[in-house]
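Heavy atoms only: backbone and side chains are in, while hydrogens, waters and symmetry mates are out. The model shown is predicted, which means the values in this text are computed figures rather than measured ones. Counting convention: from 1, in listed order, for ligands and their atoms alike.
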Amino acid sequence: MYDFRIDAADKAEMYRDLGEALEALVAGEPDGVANMANAAALIWETLPDLNWAGFYRNVGGELVLGPFQGRPACIRIAFGQGVCGAAAASLQVQRVDDVHAFEGHITCDAASVSELVVPIVGADGELIAVLDLDSPIAARFDAEDEAGCVALGAILARVL
Ligand code: SME
């Protein structure tokens, strides 16, 4: 059994603990799907106020749904389309306070208001996947969440 209940005093400590838990979960496991599945579950269990947490994988230059927690979601997203596609095309983190104000946002779950998408890039500079977090709360993700999730993405880049 994996019991990774994280009770941190502040956000910085929470992301440190989350990173350590993720490292432990993926250590020695070469299967990318298993690692994405456990990462999505760990993030979902740890971060408050999410309505979706998961991955879209780069499959031949198209984003294809990967392991996630939350409601069933759009399966394929073109690079450049929506928030995930913008992250994939630019390789830049997308932190969106209100998705309704984001041109081309794709509504998978009408409850989503804010979104954080982190590109996960391999050592060769190629996009492997994006980590997508959605929240029903406006401006749910701040700079600390962005830095924390970028650190999680760096851990995953080594095992996907
Ligand atoms: N809203 C996303 C689509 C993916 S879902 O939120 C799971 C977007 O615009 O990229």
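Counting heavy atoms from C-beta outward, Trp52 and Leu133 have side chains that stay 4.5 Å or more apart.
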May I have the N/O to N/O pairs between ligand 1 and the protein that fall below 3.5 Å, each with atom names and distance to one decimal?
unit_1: ligand 1; atom_1: 1 (N); unit_2: His105; atom_2: NE2; d: 3.1
unit_1: ligand 1; atom_1: 1 (N); unit_2: Ile106; atom_2: O; d: 2.8
unit_1: ligand 1; atom_1: 1 (N); unit_2: Glu115; atom_2: OE1; d: 3.2
unit_1: ligand 1; atom_1: 1 (N); unit_2: Glu115; atom_2: OE2; d: 3.4
unit_1: ligand 1; atom_1: 6 (O); unit_2: Asp134; atom_2: OD2; d: 2.6
unit_1: ligand 1; atom_1: 9 (O); unit_2: Val83; atom_2: N; d: 3.0
unit_1: ligand 1; atom_1: 9 (O); unit_2: Ile106; atom_2: N; d: 3.0
unit_1: ligand 1; atom_1: 10 (O); unit_2: Val83; atom_2: N; d: 3.1
unit_1: ligand 1; atom_1: 10 (O); unit_2: Cys84; atom_2: N; d: 2.7

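Sorted by first then second residue, the salt bridge (Lys or Arg N to Asp or Glu O under 4.0 Å) pairs that include residues 108-123, not counting sequence neighbours, are Arg71-Asp109.
A salt bridge between Arg57 and Glu62 is absent, with no side-chain N of the basic residue lying under 4.0 Å from a carboxylate O of the acidic one.
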List the steps, then state whether salt bridge (charged side-chain N to carboxylate O under 4.0 Å, His left out) holds for Arg140 with Asp97. CA-CA 7 Å; Arg140 153 70 182 81; Asp97 287 346; over 6 Å; no
Determine whether Leu47 and Leu18 satisfy the following criterion, side chain to side chain contact (heavy atoms under 4.5 Å, CB included), listing intermediate values before the conclusion. CA-CA 9 Å; Leu47 297 188; Leu18 190 51; 4.0 Å; yes
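Distance check, rounded to the nearest 0.5 Å: CD of Glu45 to CG of Leu50 gives 11.0 Å.
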